[in-house]
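One structure below.
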Amino acid sequence: MTIVLGIETSCDETGVGLVQDGVLLGDALASSMDEHARYGGVVPEIAARAHLEAMVPTVRRALDNAGIGLDDVGAVAVTAGPGLATALHIGVAAAKAYALALDVPLYGVHHLAGHAAADTLEHGPLPDRSVALIVSGGHTSLLFVRDLVRTPIVHLSDTFDDAAGEAFDKVARLIGLPYPGGPSIDRAARDGDPAAVRFPRPLTGPNDPPLGFSFSGLKTAVARYVEKGDDPGVSTADIAASFQEAVADTLVGKALRACRDSDVDTLVIVGGVAANSRVRSLAQERCAAAGIELRVPPMRLCTDNGAMIAAIGDLLVRDGAAPSAPDFSAVPTVELTSAQLGLT
Ligand code: KG4
Ligand code: ZN
């Protein structure tokens, strides 16, 4: 069975994972997050340089963690998009170098397919039909998924504006919590009252698209609330908890609606925001009540990592997919319809 080396560099994490036949053998992660914190967001040039510095040591750590050598690697998978162009280029160039040196096939893969594949490392193969809610810093989508690698992935909806993670990051800044905003709000919300402020649940009215997402209005509602500043009994923790509740309520409500509409009984929630404690607990509650099986990867596999890229590479290899073309490039923007990129 082939051991797949997965490389992820789409944003600020240099992730390397090793997967064989659906099993995670080992992985390693380096993050440049601290270098971006003072700018309040990821600076692409800084991320790219950090990837370049971290790449070889992180591959080495992942191999050590798995207890194997580079010669044991039988295929390489790399995030070809979407993501920051300069950051993606480092990963793609490194992956080409490793594949060429080892004389093994190379697969350019879609970052979001990797997020979905992360769950299979924990819970095994996906069922025949499922709905996936992908919630990350750049994307918020509901997808109808079959096997992930052979049958085209169908978009049921995509956010009209901000992604859920982006809303977490922007709202954190508004209420004075540090970057990255998602984990900061999650932490602050533990001491807050989620019912303190009734923030809007976007696009949940009778005339709204039932699966549509939009988070920029919710962000504005928090900004207005903070500007008014005339509610002395309400703390930052209360605002964080109330905002988090509005996001979780909206995401989970729409995801369950998508399951009902598609007559599907498995919901998979993946991406950085799937690490949110309230999204996880509310999804658990409502899925149990609705008789829907919920699959969410362990927290460390929700945010960007290399294991998820090795996981989707492993699925492609086992499906007999042809390698990507040797001249494939990074694609900063690309919709997820197919797990593999770089086919000519
Ligand atoms: O999937 P990811 O690591 O990178 C992208 O592909 O975008 O997602 C990053 C996003 C960021 O916006 C971050 O604030 C959010 O996921 N995030 C969270 C949590 N952990 C990360 N949002 C809410 N709660 C969390 N615990
Ligand atoms: Zn991601």
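Counting starts at 1 for both ligands and their atoms, following the listed order.
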### Message
I'd like to know if the Zn ion (ligand 2) has an N/O/S atom from His111 within less than 2.8 Å of it, counting both backbone and side-chain atoms.
### Response
yes

So for His115 against ligand 1, with non-hydrogen atoms under 4.0 Å, the contacting part is side chain

Residues Ile90 and Thr86: closest non-hydrogen pair is CG1-O, 3.4 Å

Short version for Asp169: what comes under 4.0 Å of ligand 1, heavy atoms counted, is side chain

Numbered in order shown, the ligand 1 atoms found under 4.0 Å of a heavy atom of Gly165 are 12 (O)

Exercise. With a 4.0 Å cut-off on heavy atoms, is His111 touching ligand 1?
Worked result: yes

Residues Ala62 and Ala28: closest non-hydrogen pair is N-CB, 3.6 Å

- Query: Is the closest heavy atom of Met299 to ligand 1 under 4.0 Å?
  - Reply: no

Under 4.0 Å from one or more heavy atoms of Thr303, ligand 1 contributes atoms 3 (O), 21 (C)

Atom name of the N, O or S atom of Asp304 nearest to the Zn ion (ligand 2) is OD1

Between Glu285 and Arg278 (salt bridge meaning N to carboxylate O under 4.0 Å), is one present in this structure?
yes

For Ala275, the atoms of ligand 1 under 4.0 Å from one of its heavy atoms are 26 (N)

For Gly137, the atoms of ligand 1 under 4.0 Å from one of its heavy atoms are 5 (C), 7 (O), 8 (O), 9 (C), 10 (C), 12 (O)

At under 4.0 Å between heavy atoms, what of Gln244 touches ligand 1? The answer is neither

Logged contact type for Asp186 with ligand 1, heavy-atom cut-off 4.0 Å, is side chain

Worksheet item: Would you say His115 reaches the Zn ion (ligand 2) with an N/O/S atom under 2.8 Å?
Response: yes

Given 3.5 Å as the limit, does a donor-acceptor pair link the side chain of Arg61 with the main chain of Leu29, or not?
yes

Heavy-atom proximity to atom 19 (C) of ligand 1 ranks first, among Ser10, Ala118, Gly272, for Gly272

Partner of Arg295 under side chain to side chain contact (heavy atoms under 4.5 Å, CB included), picked from Leu126, Ile269, Leu267, is Leu126

message = Just to check, does Cys11 reach to within less than 4.0 Å of ligand 1 when the distance is taken from its heavy atoms?
response = no

Ligand 1 atoms nearer than 4.0 angstrom to some heavy atom of Gly138 are 7 (O)

